[in-house]
Amino acid sequence: MKNTTLKSAAVIGLGYVGLPLSIQFARAGLRILGLDIDEVKVRSLNEARSYIHYISHESIAEQTSAGRLSASTDFSRIAEVEGIVICVPTPLNANRDPDVSYILETGKAIAPHLKKGHLVVLESTTYPGTTEEDLRTVLEEGSGLRAGVDFHLAFSPEREDPANPQSKVADIPKVVGGMTPACLEKAVALYSPAIKTIVPVSSCKAAEATKLLENIFRSVNIALVNELKVVYRAMGIDIWEVIEAAKTKPFGFMPFYPGPGLGGHCIPIDPFYLTWKAREYGENTRFIELAGEINSAMPENVVQRTVEALNSHRKPVNGSRILILGMAYKANVDDDRESPSYVLMEKLLARGATVEFFDPYVPEIKHTRHHAHLAGQRCVDWSKETITSFDAVLIATAHANVNYGQLVEWAQLIVDTRNALKGIVHDKSKVWSA
Ligand SMILES: NC(=O)c1ccc[n+]([C@@H]2O[C@H](COP(=O)([O-])OP(=O)(O)OC[C@H]3O[C@@H](n4cnc5c(N)ncnc54)[C@H](O)[C@@H]3O)[C@@H](O)[C@H]2O)c1
């Protein structure tokens, strides 16, 4: 197989990873075909309408109008491109085991159209072995071609810092592992025009394992500060002050922050991909499980603090009106996947509270498998009358565009899990950190 620079690629899965990547490839001059099973996203992209709030319509329009970016639901069109990049979801199933069905379905959909010389790169976060074992099998079976001989196969994990304006796809170094040296070379050729720094590793497995290390590192460190938050609070020490002081150390320390529990599509999920795969090798992942245990105990801990806070106002949680501030799992994004706010909501509802929410990025709760009965609930309005009507406001996400000055003035009681009131003058007796 001969490697040349690639001029075109399909990006399959046009979500939080696939859309910005498609735009960046197109900016670099590649002709990009976005493929998705979601017709709404495909239509939006073709009409240059963004469906992710921190990605502008203009950034899409620049590429669609230049003829470098278009979208389709027709997977046979991979025949028109040289590279295929897969960015589909990798959730956990009901038993909290990896669900790689989206990857396999994509593999089955493209296999009949695969041609000699094609490059297939998987970007979805997954356990080591997915690319060279699971995906390779469906691609080879469906195409009659051989990976590493007839077509190239590689893995390159996505690294995204959603809503961070300083973090640009082009500037984030990209780890790439190929099934063979030629596969690696071809994958490096695909990414090189679009990404400044490429980090080649020896295999697809090494690249898959790199992504898991990064996410496990976060999960374990967040668990550590969550545990210390509880211990230090019992000692009358403010964890936030301690982290600020510790991070002045110029070496050997990196700050992580406590919160109401893990959220998002990565940190609560990805570590368990490794746990599952490790069992096949007779190995345990005790750090991952301990971190999971500590992090998943956080919502209950926050609810207990809320109960104490209400008690200080001589109010039982049963019958109280509580406002959750922030449904997104992280500040300044509209992504509420796996958000701990839902767990907080459920726990407070189970204790008899009336629970509503305010989130500038979430106008209405969408239908989800886990919280189907909350679907359709709408964000309350931001006014003195509304905010004052709640017995307590529980800050779960510290969006920057919330007026915390008004909040401390209007709210009867505030439980702050994010140190969102740092620097805001407030009456300490009505604010509880949690
Ligand atoms: N969002 C992030 O910040 C981030 C960061 C690093 C890694 N990842 C990983 O990247 C992968 C994608 O994540 P995401 O956040 O972009 O997910 P997402 O849900 O935002 O997007 C996935 C897209 O894939 C589409 N899709 C589902 N099944 C499909 C199929 N069979 N064929 C074609 N399209 C299909 C969906 O319609 C959706 O548009 C996951 O493995 C995730 O863990 C995400």
Side-chain angles (χ1 to χ4, degrees), residues 159-167 172 213-264 266-268 271 287-288 290-306 308-309 312 325-326 328-333 339-341 344 392-405 407-409 411 413-434:
R159 287 168 165 165
E160 245 235 282
D161 193 3
N164 176 355
Q166 259 70 56
S167 172
I172 304 172
L213 168 61
E214 291 166 11
N215 284 355
I216 292 163
F217 174 78
R218 281 188 62 73
S219 170
V220 167
N221 280 288
I222 293 168
L224 176 66
V225 287
N226 275 334
E227 183 168 83
L228 291 181
K229 169 184 80 171
V230 177
V231 174
Y232 284 174
R233 189 198 295 140
M235 296 175 174
I237 300 165
D238 177 1
I239 183 76
W240 296 94
E241 183 189 357
V242 171
I243 295 169
E244 282 309 301
K247 82 182 198 198
T248 60
K249 184 179 178 188
F251 49 88
F253 184 82
M254 184 184 279
F256 286 85
Y257 299 96
L262 291 185
C266 292
I267 312 299
F287 256 117
I288 294 174
L290 178 61
E293 214 175 282
I294 294 172
N295 288 328
S296 56
M298 279 307 118
E300 182 59 31
N301 193 279
V302 168
V303 166
Q304 284 304 332
R305 277 295 273 179
T306 309
E308 280 175 49
S312 75
L325 184 47
Y329 80 92
K330 104 173 225 188
N332 314 325
V333 304
S339 173
S341 299
L344 295 172
V393 177
L394 170 47
I395 304 176
T397 315
H399 290 308
N401 60 354
V402 168
N403 189 329
Y404 294 102
L407 179 71
V408 294
E409 201 187 312
L413 180 65
I414 300 171
V415 179
D416 184 3
T417 70
R418 298 285 190 183
N419 206 25
L421 303 183
K422 181 186 170 198
I424 311 258
V425 179
H426 59 267
D427 170 2
K428 294 232 171 346
S429 69
K430 74 171 183 184
V431 177
W432 289 57
S433 71

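- To the nearest 0.5 angstrom, Ile424 atom CD1 is 7.5 Å from Asn403 atom CG.
- The 12-atom threshold is not exceeded at OH of Tyr232, counting heavy atoms of other residues, nucleotides or ligands nearer than 6.0 Å.
- Residues Ala411 and Val393 come closest through the heavy atom pair CB-CG2, 3.9 Å.
- Across all their heavy atoms, Ala331 and Ala398 have their closest contact at CB-O, 3.3 Å.
- Note that CG of Leu262 is 7.5 Å distant from CD1 of Ile267, once rounded to the nearest 0.5 Å.
- In summary, of the residues considered (Val415, Val302, Thr417), a side chain to side chain contact (heavy atoms under 4.5 Å, CB included) with Leu344 occurs for Val302 alone.
- Inter-residue side-chain proximity for Ile395 and Leu407 is flagged as met; some heavy-atom pair is nearer than 4.5 Å.
- Looking at every heavy atom in both residues, Ser296 comes nearest to Gly292 through OG-O, 2.7 Å.
- Enclosure of atom CZ in Arg218 is not indicated, since only 12 or fewer non-hydrogen atoms of other residues, nucleotides or ligands lie within 6.0 angstrom.
- Sequence neighbours left out, the pairs with a member in residues 227-251 that pass salt bridge (charged side-chain N to carboxylate O under 4.0 Å, His left out) are Glu244-Lys247.
- Heavy-atom contacts from other residues, nucleotides or ligands closer than 6.0 Å to CZ of Phe253 number more than 12.
- One side chain, Glu300 or Gln304, offers a donor N or O that lies under 3.5 Å from an acceptor on the other.
- Within the 4.5 Å cutoff, the side chain of Arg418 has heavy atoms near those of the Asp416 side chain.
- The main-chain N or O of Ala400 is found under 3.5 Å from a side-chain atom of Asn332 such that the two form a donor-acceptor pair.
- In terms of heavy-atom proximity, Gly263 sits nearest to Pro340 at CA-CD, 3.8 Å.
- Scanning both residues, Ser341 and Ala328, for their nearest heavy atoms gives OG-O, 4.5 Å.
- Side chains of Trp240 and Ser433 form no contact here, defined as non-hydrogen atoms less than 4.5 Å apart.
- Between Val230 and Met298, the closest side-chain pair of non-hydrogen atoms falls below 4.5 Å.
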Query raised in the report: Passes side-chain contact (heavy atoms from CB on, under 4.5 Å), His399 versus Leu325? Steps please.
Result: CA-CA 9 Å; His399 290 308; Leu325 184 47; over 6 Å; no
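- Residues that satisfy the ring pair (Phe, Tyr, Trp, His ring centres under 6.0 Å) test with Phe256, not counting sequence neighbours, are Phe217.
- Side chain of Asn295 to main chain of Ser219: a donor-acceptor pair is present (N/O by atom type, distance under 3.5 Å, no hydrogens or angles).
- A heavy-atom distance below 4.5 Å is found between the side chains of Leu413 and Trp432.
- Between the CG atom in Asn301 and the OG1 atom in Thr306 there is a gap of 9.5 Å [rounded to 0.5 Å].
- Residues Pro258 and Ile243 form a side-chain contact, since some pair of their non-hydrogen atoms from C-beta on lies under 4.5 Å apart.
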Report task. Check the pair Asp427, Val408 against side-chain contact (heavy atoms from CB on, under 4.5 Å), reporting the backbone distance first and the verdict last. Result -> CA-CA 8 Å; Asp427 170 2; Val408 294; over 6 Å; no
